[in-house]
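Both counts, for ligands and for their atoms, begin at 1 and track the order of listing.
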Amino acid sequence: MRIVILGPPGSGKGTRARIIGDMYSVPVITTGDMLREVTTQGTRLGIVAKDYMDRGELVPDDIVNHIVAERLRKPDLEKGFILDGYPRSVAQADALDKILEEAGLKLDHVMVVDIKDETIISRLSLRRSCPKCGEIYHLESKPPKRNKTCDKCGFKLIQRSDDKEDVVRHRLVVYREKTQPLIDRYQKRGLIRVVDGDRPMDAIPAELRRLLG
Ligand code: AMP
């Protein structure tokens with residue numbers, strides 16, 4: 001099962017990616033997490049990536065394409081993968097096509113999470129995430145059991161600096177400009193499956209199962 005998940009920031013892409021990954025026992029490749037990891041390493045690449053991310057801009061295509069190409073070469077992807085947050089631009093979609101073509105593989109689905117901008121803005125202001133294992137919480141709809149620490153690994157939760165309102169608004173503009181055009185591209189290939197980003201947590205697995213078969 002090879003799936004791409006597209007959607008604006010805060011639409012619940014990551015949550016769905018994890019559920020589908022568990023459902024089909026395939027790895028989830030989350031470029032946001034991979035890039036955040038790079039930013040903690042103190043390398044020149046990390047400093048450059050952090051600068052783009054803090055401003056809510058896309059990290060340059062050549063950097064992200066390289067990171068993803070390396071990851072897709074690893075041997076744990078025989079059963080497939082879920083790409084969460086990649087591709088996000090035409091150049092990235094071209095790079096992905098090339099990698100898959102060379103490997104003789106095809107995508108099965110491109111999932112688009114549909115949600116209103118205002119819902120995203122209120123949602124992201126309450127989002128907290130675990131910098132260690134990547135688990136995502138929401139202070140109202142999915143609060144951590146113990147105050148401000150990750151249920152899974154006990155690490156202290158943080159609010160990402162790019163979840164502040166002005167940066168979120170800019171990330172939405174970037175999504176409309178750079179990523180949304182990909183929907184048309186994949187629609188022409190019959191791959192698009194739209195899901196409702198506003199569903200309550202407990203209704204998500206059933207919706208995904210219905211959609212993916
Ligand atoms: P996310 O966690 O998916 O919302 O991504 C957080 C930030 O990481 C984005 O705002 C971008 O700066 C960067 N990023 C993640 N994925 C990509 C990508 N495929 N291409 C470029 N930048 C990315």
Query raised in the report: Identify the closest protein heavy atom to atom 5 (O) of ligand 1: which residue and atom is it, and at what distance?
Result: R88 NH2, 3.5 Å

Report task. Compute the shortest N/O to N/O distance between G85 and ligand 1 and return yes if it is under 3.5 Å, no if not. Result -> yes

Requested in this report: Answer side chain, backbone, both or neither: which part of D162 comes under 4.0 Å from ligand 1, heavy atoms only.
Outcome: side chain

Report summary line: In ligand 1, the atoms that come under 4.0 Å of a heavy atom of Y86 are 19 (N)

Query raised in the report: With a 4.0 Å cut-off on heavy atoms, does R55 reach ligand 1?
Result: no

Report task. Any atoms of ligand 1 less than 4.0 Å from a non-hydrogen atom of E57? List them with their elements. Result -> 11 (C), 12 (O)

Query raised in the report: Side chain, backbone, both or neither: which part of R160 comes within less than 4.0 Å of ligand 1 when only heavy atoms are counted?
Result: side chain

Query raised in the report: Out of V59, V168, V174, whose heavy atom sits nearest atom 21 (C) of ligand 1?
Result: V59

Query raised in the report: Can you tell me if D151 uses its side chain to pair, donor with acceptor, with the backbone of K145 under 3.5 Å?
Result: yes

Query raised in the report: Salt-bridged, D33 to R36, with N to O below 4.0 Å?
Result: yes

Query raised in the report: Counting heavy atoms only, which of D61, N65, L35 comes nearest to atom 14 (N) of ligand 1?
Result: L35

Query raised in the report: In terms of side-chain geometry, is the basic nitrogen of E118 or R169 positioned less than 4.0 Å from the acidic oxygen of its partner?
Result: yes

Query raised in the report: Against heavy atoms of G32, which atoms of ligand 1 measure under 4.0 Å?
Result: 2 (O), 5 (O), 15 (C), 16 (N)

Requested in this report: Given side-chain hydrogen bond (donor to acceptor under 3.5 Å, both in side chains), test Q92 with R88 step by step and report yes or no.
Outcome: CA-CA 6 Å; Q92 293 182 17; R88 256 163 145 122; over 6 Å; no

**Report entry** The one among M53, M34, R36 that brings a heavy atom closest to atom 8 (O) of ligand 1
**Finding:** M53

Query raised in the report: With the threshold set at 4.0 Å, does a side-chain nitrogen-carboxylate oxygen contact exist between D94 and K98?
Result: no

Query raised in the report: Under 4.0 Å from any heavy atom of Q92, which atoms of ligand 1 are there?
Result: 18 (C), 19 (N), 20 (N), 21 (C)

Report summary line: For V64, the ligand 1 atoms with a heavy-atom partner under 4.0 Å come out as 18 (C), 19 (N), 20 (N), 21 (C)

Query raised in the report: Should we say atom CZ of R44 is surrounded by more than 12 heavy atoms from elsewhere, each under 6.0 Å from it?
Result: no

Report task. Could you tell me whether some N/O pair between R171 and ligand 1 is separated by less than 3.5 angstrom? Result -> yes

Query raised in the report: Thinking salt bridges, do D163 and R171 make one under a 4.0 Å N-O criterion?
Result: yes

Query raised in the report: Taking NZ, NE, NH1 and NH2 as the nitrogens, is one of them in D51 or R55 under 4.0 Å from a carboxylate oxygen of the other?
Result: yes

Requested in this report: Examine distances only and state if a side-chain atom of K142 and a backbone atom of I136 form a donor-acceptor pair shorter than 3.5 Å.
Outcome: yes

